[in-house]
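Some notes on the structure that comes next.
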Amino acid sequence: MEPTNPAGLPEHIPTHVAIIMDGNGRWALARGLPRLAGHRAGTENLRRIIEACIEFGVHYLTIYAFSTENWGRPQEEVQGLLHILEDVIDRELQELSDQGVQLHHIGRLDRLDPTLQKKVLHAIEYTRENNRLVLNVAFNYGGRDEIVYAIQHMIKDGVQPENVTDEMVSQYLFTAGVPDPDMIIRTSGELRGSNFLIWQGAYSEWYFTPTYWPDFDKEQFRLALEEFSHRERRYGHVSETEGDLAQHA
Ligand code: FPP
């Protein structure tokens with residue numbers, strides 16, 4: 001059994017947690033509310049999970065807020081999600097900064113309107129000295145798009161094929177400098193990766209829960225961390241105990 005620290009937390013807290021915040025629409029539907037009400041409830045929940053990350057000692061949190069495919073949703077929902085991003089920056093930037101949150105964006109900013117682009121860049125600049133939690137907001141993000149973008153930039157920079165390494169590719173991604181996610185959580189019972197961190201998640205531990213994102217509270221998050229601490233990460237090797245047995249055989 002994994003030892004726990006005095007706060008009742010598992011000893012091995014992941015450095016980087018990434019979350020696919022799924023189920024907002026179904027959460028709203030179940031209450032007879034419009035889908036956007038689900039996204040607003042999801043945004044409220046994000047606040048709780050940010051606080052929990054700070055409390056539990058998670059240093060990086062990456063959230064999938066809007067994918068490159070989400071432009072295909074009804075216009076009203078797309079506009080609503082863009083508005084939520086703007087609203088979060090307008091209303092919450094100071095509080096997030098006071099909490100020690102450093103904001104980053106991953107994905108392509110260029111499809112957002114110039115005013116919103118400026119706000120995002122300002123929020124990143126405003127929080128760059130903070131160091132309690134790095135919050136990567138994936139907005140207009142797609143894992144394949146990110147890899148295509150990286151390849152285009154490597155070619156533009158004249159990188160020779162024989163010099164392309166695993167580490168170099170990582171440095172050309174939007175997440176350059178950020179450690180790979182230790183754990184990726186997907187709420188709402190869907191069992192897919194949906195084009196999220198497909199390079200960075202190569203060895204991440206996945207955690208799936210049927211809970212819709214607005215209901216995925218601090219206690220459920222703690223349970224996810226506990227489950228993570230019981231996982232043995234083998235990175236393609238054999239388990240430690242098997243390795244020991246083999247050595248002594
Ligand atoms: C997936 O649920 C959720 C999204 C596509 C949006 C998630 C966005 C937020 C929680 C807002 C936070 C945003 C920012 C900018 C900080 P779904 O709509 O696919 O749910 P469903 O599968 O039940 O329909």
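In each ligand, atom 1 is the first atom listed, and ligand 1 is the first ligand listed. It should be emphasised that the depicted structure is a prediction, and the values quoted were computed from it without experimental measurement.
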Out of all atoms in ligand 1, which are within 4.0 Å of some heavy atom of [X]? Include the element for each.
X     : value
Met21 : 1 (C), 2 (O), 3 (C), 7 (C), 8 (C), 9 (C), 10 (C)
Leu85 : 15 (C)
Gly25 : 17 (P), 18 (O), 20 (O), 21 (P), 23 (O), 24 (O)
Thr43 : 11 (C), 12 (C)
Asp22 : 1 (C), 2 (O), 17 (P), 19 (O), 20 (O), 21 (P), 22 (O)

Under 3.5 Å: N/O of Arg26 near N/O of ligand 1 | yes
Identify the heavy atoms of Val137 and Ala65 that sit nearest to each other, and give their distance.
-> CG1-CB, 4.2 Å
Electrostatic pair Arg47-Glu95, nearest N-O below 4.0 angstrom = no
Please determine if Glu227 and Arg231 form a salt bridge, counting it only when a charged side-chain N lies under 4.0 Å from a carboxylate O.
-> yes
Could you verify whether a donor N or O on one side chain and an acceptor N or O on the other, from Asp180 and Trp199, lie under 3.5 Å apart?
-> no
Any donor-acceptor N or O pair under 3.5 Å, side chains Trp213, Ser188 = no
With a heavy-atom distance limit of 4.0 Å, tell me whether [X] approaches ligand 1 through its side chain, its backbone, both, or neither.
X     : value
Leu46 : side chain
Arg73 : side chain
Arg35 : side chain
Ile20 : neither

For the salt bridge (charged side-chain N to carboxylate O under 4.0 Å, His left out) test, which of Arg222, Lys218, Arg132 pairs with Glu55?
-> Lys218
Which residue and heavy atom of the protein sit nearest atom 10 (C) of ligand 1, plus the separation = Asn24 ND2, 3.4 Å
Out of curiosity, is Ser188 lining ligand 1, as in a heavy atom under 4.0 Å away?
-> no
